[in-house]
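Computation of the quantities below employed the complete heavy-atom set of this structure, encompassing side-chain atoms and omitting hydrogens, waters and symmetry-equivalent molecules.
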Amino acid sequence: MKLWGGRFEERTDKFVEEFTASLPFDKRLFRHDIRGSVAHVTMLCKCGLITDDEANTIKDALGEIYREMESGEFPFDLADEDIHMAIERTLIDRVGVVGGKLHTARSRNDQVALDLRLFLREEIAEIAALIVAFQKALVETALNNLDVIMPGYTHLQRAQPVLFSHHIMAYFWMLGRDIERMHFCREQTDRLPLGSAALAGTTHPIDREYVAGLLGFSKICENSIDGVSDRDFIVEFLSAATLIAVHLSRLAEEIIIWNSSEFGFVELSEKYTTGSSIMPQKKNPDVAELIRGKSGRVFGDLIGMLTVLKGLPLAYNRDMQEDKETLFDAVDTVKACLVAARGLIGTMTVNDKAMVQAAEEGFANATDLADYLVGKGVPFRDAHRTAGEAVKKCLVECKALADLTLGEFKALNKAISEDVYGVLSVKESVKKRVSSGGTSPKRVAEQLETAKQVIEREKDWF
Ligand code: ARG
């Protein structure tokens, strides 16, 4: 007999039981569900709705169920429908009628809303800690390769020389914004829905603020209908998760390009690559590709959740049960990708020679020639044209800018003199980019100092 079976005469169809069950996936909420129930029972007792003895009996049995679920001994039964029913039915089986008092002034609607907030609050902290750990790996990679010069790209065309450490640190700041979003998401979970009951609140004299305090919430949901209908905190998290996925995917894409034989900027560790079943020479960047590929799942999770919610009348509808798999999938995927990205970065070898060679070829110093002319009083647009003409000449003659003779330079623009060769080296080019946030070694060293302070500020996540 179902706990809700009073008005029913027929047994639920077997298929319907399976179709409607969330137990196979929501059992991972058992800790949060039991924690919520213990707080609820404590409040019922404090408010005189149940006796001390009853509260203790219920709590003891819940503790036993918790331990069995944790150790894997608990005999889950799909007929229970969901984790809330599995726990409550078992409780009643074990302690008898007094177990039936647990659900006083409560509904599964506010119960599941609570469980999700408790779950997400915990996961957000774990994800934030993984982000910070990944940021640390980025800083380490930057420090280990501080002065390595590579071509910076726009349109995937060599643009200007930059420090590899500077390039890597760009990801640090992207991930820094992800951390800020985790702070925001944590705040959004910080409201207690319990006590909203099914949707309208309850006739019983409960104390919601007390429960909020017990469960570490700083406020309660102000409106019982909103309390059970609100999944905004999930959407906000999923949307923040998609950005984490975007960031990791962009890095993965770069690593795949850098690792190609055409680039050869990095070499991935054998620990983080896989072979081909047919082509013996292959060492494939599958981990990076999966980070890139899995970002698609996370976007799907966000769109799935938004779509589930968009047409729902208030308050609870069973559609909302679909919130869990999307949320769990995004949480698991983002966590795994953060771990994978950290490992990938931490184990790859940087080929500084290939990087600097690529920076020296491909006219990444053309802007430096233009800037040099500006320094000689030539308006930037004219300087730009001269540098472009110099590039054209070199392309025809298959040489680099630094290969042009002084005579050839002067023929292009008489403002050019011997000192031009000084600015054409990639090292000089990088060194001169001293504007705040620029790629000069001095600025990057400052950036790394700031980054260390940022990491220090986030240590509370651990
Ligand atoms: N398993 C349900 C869910 O995940 C729990 C809430 C069920 N409430 C209800 N009135 N059927 O959403």
Side-chain angles (χ1 to χ4, degrees), residues 28-29 31-32 116-144 168-190 233-255 268-269 271-272 285-302 324-348 448 450-462:
R28 79 187 268 182
L29 294 174
R31 289 185 197 83
H32 314 91
L116 286 169
R117 283 172 186 264
L118 289 172
F119 166 81
L120 191 52
R121 184 169 77 185
E122 219 170 81
E123 294 295 338
I124 285 170
E126 282 190 28
I127 290 172
L130 286 174
I131 295 176
V132 179
F134 179 52
Q135 284 183 303
K136 279 188 189 165
L138 291 170
V139 168
E140 227 165 85
T141 307
L143 284 171
N144 290 341
I168 282 293
M169 285 303 288
Y171 286 96
F172 178 94
W173 301 106
M174 288 150 85
L175 270 297
R177 294 191 292 277
D178 291 325
I179 281 281
E180 283 169 29
R181 277 184 283 272
M182 287 301 114
H183 280 286
F184 170 78
C185 288
R186 183 167 62 176
E187 258 172 54
Q188 294 304 99
T189 63
D190 185 23
F233 61 99
I234 294 184
V235 173
E236 282 155 347
F237 168 78
L238 290 174
S239 131
T242 60
L243 270 174
I244 299 174
V246 167
H247 295 156
L248 297 182
S249 182
R250 291 182 81 170
L251 177 63
E253 168 68 6
E254 296 218 86
I255 289 177
L268 295 181
S269 149
K271 289 199 191 102
Y272 269 76
D286 296 33
V287 174
E289 287 168 351
L290 280 169
I291 293 172
R292 188 177 60 185
K294 281 175 189 291
S295 63
R297 301 171 65 111
V298 184
F299 306 168
D301 292 330
L302 170 64
K324 274 162 238 42
E325 281 167 297
T326 52
L327 175 62
F328 296 162
D329 183 69
V331 163
D332 295 342
T333 305
V334 161
K335 279 165 84 173
C337 289
L338 281 165
V339 173
R342 175 161 49 131
L344 204 57
I345 280 278
T347 53
M348 73 185 188
L448 281 160
T450 315
K452 282 183 201 157
Q453 288 162 20
V454 169
I455 289 176
E456 186 58 27
R457 271 209 303 277
E458 298 298 341
K459 68 174 188 299
D460 286 355
W461 287 109
F462 293 96

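In this structure, the separation between CG on Leu138 and OH on Tyr171 is 9.5 Å, given to the nearest 0.5 Å. Expressed to the nearest 0.5 Å, how far CG of Leu327 lies from CG of Leu302 amounts to 11.5 Å. Taking CG of Leu290 as the start and OG1 of Thr333 as the end, the distance is 11.0 Å to the nearest 0.5 Å. The distance from atom CD1 of Ile244 to atom OG of Ser249, rounded to the nearest 0.5 Å, is 13.5 Å. A distance of 8.5 Å separates CE in Met174 from CG in Leu248, rounded to the nearest 0.5 Å. Atoms CG and NZ, on Asp329 and Lys294 in that order, are 8.5 Å from each other to the nearest 0.5 Å.
When all heavy atoms of Arg186 and Ile124 are compared, the pair lying nearest together is N-CD1, 3.8 Å. For the pair Leu344 and Ala288, the tightest heavy-atom approach, listed with the atom from each and the gap, is CD2-CB, 3.7 Å. The two atoms that bring Val339 and Leu130 nearest to each other are CG2-CD2, 3.9 Å, heavy atoms only. Among all heavy-atom pairs drawn from Leu448 and Ala142, the shortest one is CD2-CB, 3.9 Å. The shortest heavy-atom contact between Asp301 and Ala330 is OD2-N, 3.2 Å. Summarising the geometry of Ile179 relative to Ala128, their closest heavy-atom pair is CD1-O, 3.4 Å, with the distance given to 0.1 Å.
Looking at Thr141 and Phe172, their side chains never come closer than 4.5 Å, going by heavy atoms from C-beta outward. Counting only heavy atoms from C-beta outward, the side chains of His247 and Leu251 never approach each other to under 4.5 Å. By the 4.5 Å heavy-atom criterion applied to side chains, Arg121 and Leu118 are counted as neighbours. Considering only heavy atoms from C-beta on, Ile345 comes within 4.5 Å of Ile255 through its side chain. Put simply, the side chain of Val132 does not reach to within 4.5 Å of the side chain of Lys459, judged on heavy atoms.
Of the possible donor and acceptor atoms, one in the side chain of Arg117 sits under 3.5 Å from a partner among the backbone N and O of Gln188. Without hydrogens or angle criteria, Ser295 side chain to Arg292 main chain gives a donor-acceptor distance under 3.5 Å.
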Taking it one step at a time, do Phe233 and Asp190 satisfy side-chain contact (heavy atoms from CB on, under 4.5 Å)? CA-CA 9 Å; Phe233 61 99; Asp190 185 23; over 6 Å; no
Checking Tyr272 against Met348 for the side-chain contact (heavy atoms from CB on, under 4.5 Å) test, could you report, in this order, the C-alpha distance in whole Å, the side-chain angles of both residues, the deciding distance, and whether it holds? CA-CA 8 Å; Tyr272 269 76; Met348 73 185 188; over 6 Å; no
Could you check Glu122 against Arg31 for side-chain contact (heavy atoms from CB on, under 4.5 Å), going step by step and ending with a plain yes or no? CA-CA 11 Å; Glu122 219 170 81; Arg31 289 185 197 83; 5.7 Å; no
Chi angles and distances behind the salt bridge (Lys or Arg N to Asp or Glu O under 4.0 Å) call for Arg181, Asp178: CA-CA 5 Å; Arg181 277 184 283 272; Asp178 291 325; 3.1 Å; yes
Go through it in stages, so that I can follow the logic: the residues are Glu458 and His183, the test is side-chain contact (heavy atoms from CB on, under 4.5 Å), and I'd like the CA-CA distance, side-chain angles, deciding distance and then a yes or no. CA-CA 10 Å; Glu458 298 298 341; His183 280 286; 2.9 Å; yes
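Proximity of the aromatic rings of Phe328 and Phe119 is defined here by a centroid distance below 6.0 angstrom, and this criterion is met.
Annotation: Arg28, atom CZ; neighbour count of heavy atoms from other residues, nucleotides and ligands within 6.0 Å is above 12.
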